[in-house]
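In this chain, numbering begins with 1 at the start of the sequence shown.
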Amino acid sequence: MAASKVELFELIRRDSWHGGLSVRALAAKYGVHRRLVREALTRAEPAPRKTPERRSARLEPFKAVIDGWLRADLDAPRKQRHTATRVHARLLDEQGAAGVSYATVRDYVARRRPEIRIEEGRGPAKVFIPQHHPPGMEAEVDFGELWVRLAGVLVKCYLFAFRMSYSGKAVHLVSATCGQEAFLEGHVHAFTVLGGVPAGQIRYDNLTPAVTRVLRKGRARIENPRWTAFRSHYRFAAFYCEPGIEGAHEKGGVEGQVGYFRRNYLVPVPVADSLAELNARIAVAEEAEDARRIGARIRAIGQDFAAEAPRLVPLPDEPFETGLLLTPRVDRYSQVTVRMNRYSVPVRLIGRQVRVVLRSSELVIYDGRHEAARHERVTGRGGEALVLDHYLEALMRKPGALAGSVPLDQARASGVLTRVLIEVLLLHRHMDAADVITGIEAALSVGAHAADVVAVEARRAAGARAAAPAPDSDAGEPPAGPQVTSLTLRRLAALPADSRPLPTVSAYDQLLTRPRTTKEGRS
């Protein structure tokens with residue numbers, strides 16, 4: 001095996017010192033040039049090999065032109081600067097550089113662009129400076145896109161990520177939107193899981209839910225008033241990063257966290273019946289993350305977070321309503337339109353203005369102080385969330401409209417109809433659901449399909465339940481189950497005794513005999 005150059009230098013130097021061989025003899029012995037022998041005798045380690053700079057004779061006449069274009073790019077809009085492809089195309093079209101290859105132009109542009117930036121005093125090369133984050137003081141927030149197969153439909157959702165800078169402890173929440181309601185709800189969820197609020201600042205992009213306008217000088221921002229109220233409520237400061245790709249490096253921890261969590265826990269595309277189910281699975285994954293060590297750290301995420309948790313600011317006593325308050329008017333279809341989607345309300349509210357609280361995953365409708373309806377938030381636009389129960393009073397007057405109604409289709413699709421069914425469902429307006437179910441079971445046990453039978457037995461069950469002794473009393477046997485009674489017999493039992501004589505039909509007996517007739521006529 002051939003010796004390395006360092007070993008060769010060591011052999012030459014040893015033979016020169018101990019053997020007294022001349023330069024010519026050493027060169028002959030090791031088969032090398034005398035220059036190499038002289039170099040070995042003057043230094044123990046070979047000089048580093050210089051990589052010759054590749055020079056393209058064909059590109060040389062055009063380098064000054066390319067440098068001029070790259071200097072002009074320093075003042076051009078970011079999205080309208082020269083790429084290597086554009087530089088090569090201009091050389092061919094405007095300079096007649098037919099013999100210059102694209103690879104040669106690409107290598108030259110990649111090397112010269114940062115050099116020209118430094119030469120023109122536009123700043124040094126990009127440098128990443130390690131940062132120190134005190135425990136419990138700082139956090140970072142970001143949104144990431146996510147696709148979920150929700151109830152069998154592929155839906156685009158958004159992953160909210162909140163990451164503590166010291167420990168790397170991260171909390172996530174999947175929402176149907178990245179609007180302000182989801183932004184605030186994600187914060188509340190993170191503060192609740194962590195048990196407090198960072199005592200220093202939280203870093204953000206210039207997100208629309210928080211920032212209304214980015215001012216040109218410095219980091220001053222005009223904030224959304226509701227966001228300012230939210231920060232004041234939870235007592236933390238906001239740090240806004242520089243716009244564009246430059247600002248992404250100022251919160252690189254959460255930028256990487258979104259991608260890491262999505263790759264490791266949300267691939268393949270998650271399948272869930274609801275966002276609540278998916279978020280419950282994400283909470284389990286976050287607990288598993290506590291045992292992970294980030295990079296070369298000597299402690300796990302959970303161990304570092306245990307050290308900073310006591311330094312968090314306690315949560316305020318009063319909650320903050322994260323939902324967006326709206327006041328739409330109910331249309332003639334007994335629906336309200338919110339964010340291009342339609343939601344049903346009871347028909348008694350048609351024409352009235354209601355109060356809507358729009359949250360990231362649900363929508364609650366209030367009539368005054370009373371809750372009138374609650375829906376899961378519809379994703380996308382042009383969707384409908386209609387509840388058959390809201391239309392029962394109207395269907396009593398228009399039973400023919402039931403067959404082709406959208407509420408009925410949605411009720412069938414959800415596994416949840418005839419006039420008798422509506423009458424039975426209307427019993428829920430003023431009776432307990434358990435009593436109505438007892439009445440239905442009693443009616444079906446004797447083959448009765450009348451709504452009034454269900455109503456009577458439901459009332460009887462309600463009365464028996466109200467009269468039943470407390471569980472800890474000394475009562476005897478429990479009352480027997482409901483008995484189905486004919487309504488006719490029930491009504492007759494309430495009437496007084498009838499003392500009239502029974503009717504007689506003897507006067508009509510003569511009609512049973514036919515008179516005899518003769519040929520001359522009647523007798």
Are more than 12 heavy atoms from other residues, nucleotides or ligands located less than 6.0 Å from atom CZ of Arg43? yes
So the side chain to side chain donor-acceptor pair (under 3.5 Å) pairs with at least one residue in residues 261-274 (sequence neighbours excluded) are Tyr265-Glu289
The salt bridge (Lys or Arg N to Asp or Glu O under 4.0 Å) partners of Arg58 (sequence neighbours excluded) come to none
Between Arg221 and Asn206, a side-chain donor and acceptor under 3.5 Å: yes
Val211 vs Asn224, side-chain contact (heavy atoms from CB on, under 4.5 Å): CA-CA, chis, key distance, verdict: CA-CA 6 Å; Val211 175; Asn224 186 294; over 6 Å; no
Distance flag, aromatic centroids of Phe261 and His172, threshold under 6.0 Å: yes
Mind checking what makes salt bridge (Lys or Arg N to Asp or Glu O under 4.0 Å) contact with Arg281, not counting sequence neighbours? Glu277
Decide, yes or no, whether a salt bridge links Glu60 with Lys63 under the criterion of side-chain N to carboxylate O below 4.0 Å. yes
So, using side chain to side chain contact (heavy atoms under 4.5 Å, CB included) as the criterion, who are the partners of Thr85 when residues are at least two apart? Thr83, Tyr102
Under 3.5 Å, is there a donor-acceptor pair between the Asn341 and Glu384 side chains? no
Assess, by modelled atom type and distance only, whether the side chains of Tyr343 and Glu376 contain a donor and an acceptor separated by less than 3.5 Å. no
Can you list, pair by pair, the side-chain donor-acceptor contacts under 3.5 Å of residues 312-325, counting residues two or more places apart and other chains?
{"from": "Glu321", "atom 1": "OE1", "to": "Arg359", "atom 2": "NH2", "distance (Å)": "3.2"}
{"from": "Glu321", "atom 1": "OE2", "to": "Gly323", "atom 2": "N", "distance (Å)": "2.7"}
{"from": "Glu321", "atom 1": "OE2", "to": "Arg359", "atom 2": "NE", "distance (Å)": "3.3"}

Heavy atoms from other residues, nucleotides or ligands near CD of Glu94 exceed 12 (cutoff 6.0 Å): yes
Tell me, please, which residues at least two apart from Ala296 pass side chain to side chain contact (heavy atoms under 4.5 Å, CB included). none
I would like to know whether Glu140 and Ser165 meet side-chain contact (heavy atoms from CB on, under 4.5 Å); could you show each step before the answer? CA-CA 7 Å; Glu140 302 168 347; Ser165 300; 3.9 Å; yes
Validation row: Pro46, Phe9 side chains within 4.5 angstrom (heavy atoms): yes
I'd like to know whether OH of Tyr333 has more than 12 heavy-atom contacts from other residues, nucleotides or ligands below 6.0 angstrom. no
For a 4.5 angstrom cut-off between non-hydrogen side-chain atoms, does Arg111 reach Asp107? no
Residues Glu145, Tyr158; criterion side-chain contact (heavy atoms from CB on, under 4.5 Å); working and verdict: CA-CA 5 Å; Glu145 294 182 355; Tyr158 297 88; 4.0 Å; yes
Side chain Arg81, main chain Asp75, donor-acceptor under 3.5 Å: no
With sequence neighbours left out, what residues match Arg34 under salt bridge (Lys or Arg N to Asp or Glu O under 4.0 Å)? none
Do His82 and Arg113 have side-chain atoms, one donor and one acceptor, less than 3.5 Å apart? no
Answer yes when Arg112 and Glu119 have at least one side-chain N-carboxylate O distance shorter than 4.0 Å, and no when they do not. yes
Contacts of Ser101 that satisfy side chain to side chain donor-acceptor pair (under 3.5 Å) - sequence neighbours left out: Thr104
Does Val141 form a side-chain contact (heavy atoms from CB on, under 4.5 Å) with Phe160? I'd like the steps, not just the answer. CA-CA 8 Å; Val141 167; Phe160 174 90; 3.5 Å; yes
Using the test side chain to side chain contact (heavy atoms under 4.5 Å, CB included), find all partners of Arg299 that sit at least two apart in sequence or belong to another chain. Tyr166, Gln303, Asp304
Val171 and its side chain to side chain contact (heavy atoms under 4.5 Å, CB included) partner, picked from Leu194, Thr192, Ile282: Leu194
Quick test of your reading of the model: are Arg355 and Asp367 salt-bridged, counting only N-O distances below 4.0 Å? no
Measuring only between side-chain heavy atoms, which start at C-beta, is Arg352 closer than 4.5 Å to Arg329? no
Side-chain touch Leu59/Ile66, heavy atoms, less than 4.5 angstrom: yes
Residues Glu181 and Arg226 bridged, charged N to O under 4.0 Å: no
Is the shortest distance from a Lys or Arg side-chain nitrogen in Glu223 or Arg231 to a carboxylate oxygen in the other one below 4.0 Å? yes
For Phe191 and Tyr234, I'd like to know if the aromatic rings sit close, meaning centre-to-centre distance below 6.0 Å. yes
Would Tyr204 and Trp227 count as a close aromatic pair, with their ring centres under 6.0 Å? yes
Those residues that, when tested against Glu286, pass salt bridge (Lys or Arg N to Asp or Glu O under 4.0 Å) (two or more places apart): none
Between Gln335 and Ser344, do the side chains contain a donor N or O and an acceptor N or O under 3.5 Å apart? no
Could you list all the salt bridge (Lys or Arg N to Asp or Glu O under 4.0 Å) pairs where at least one residue sits in residues 305-316, not counting sequence neighbours? none
Residues Asp142 and Arg163 bridged, charged N to O under 4.0 Å: no
Side-chain donor-acceptor pairs under 3.5 Å in residues 12-19, sequence neighbours left out?
{"from": "Arg13", "atom 1": "NH1", "to": "Ala40", "atom 2": "O", "distance (Å)": "2.9"}
{"from": "Asp15", "atom 1": "OD2", "to": "Lys29", "atom 2": "NZ", "distance (Å)": "2.8"}
{"from": "Asp15", "atom 1": "OD2", "to": "Tyr30", "atom 2": "OH", "distance (Å)": "2.3"}

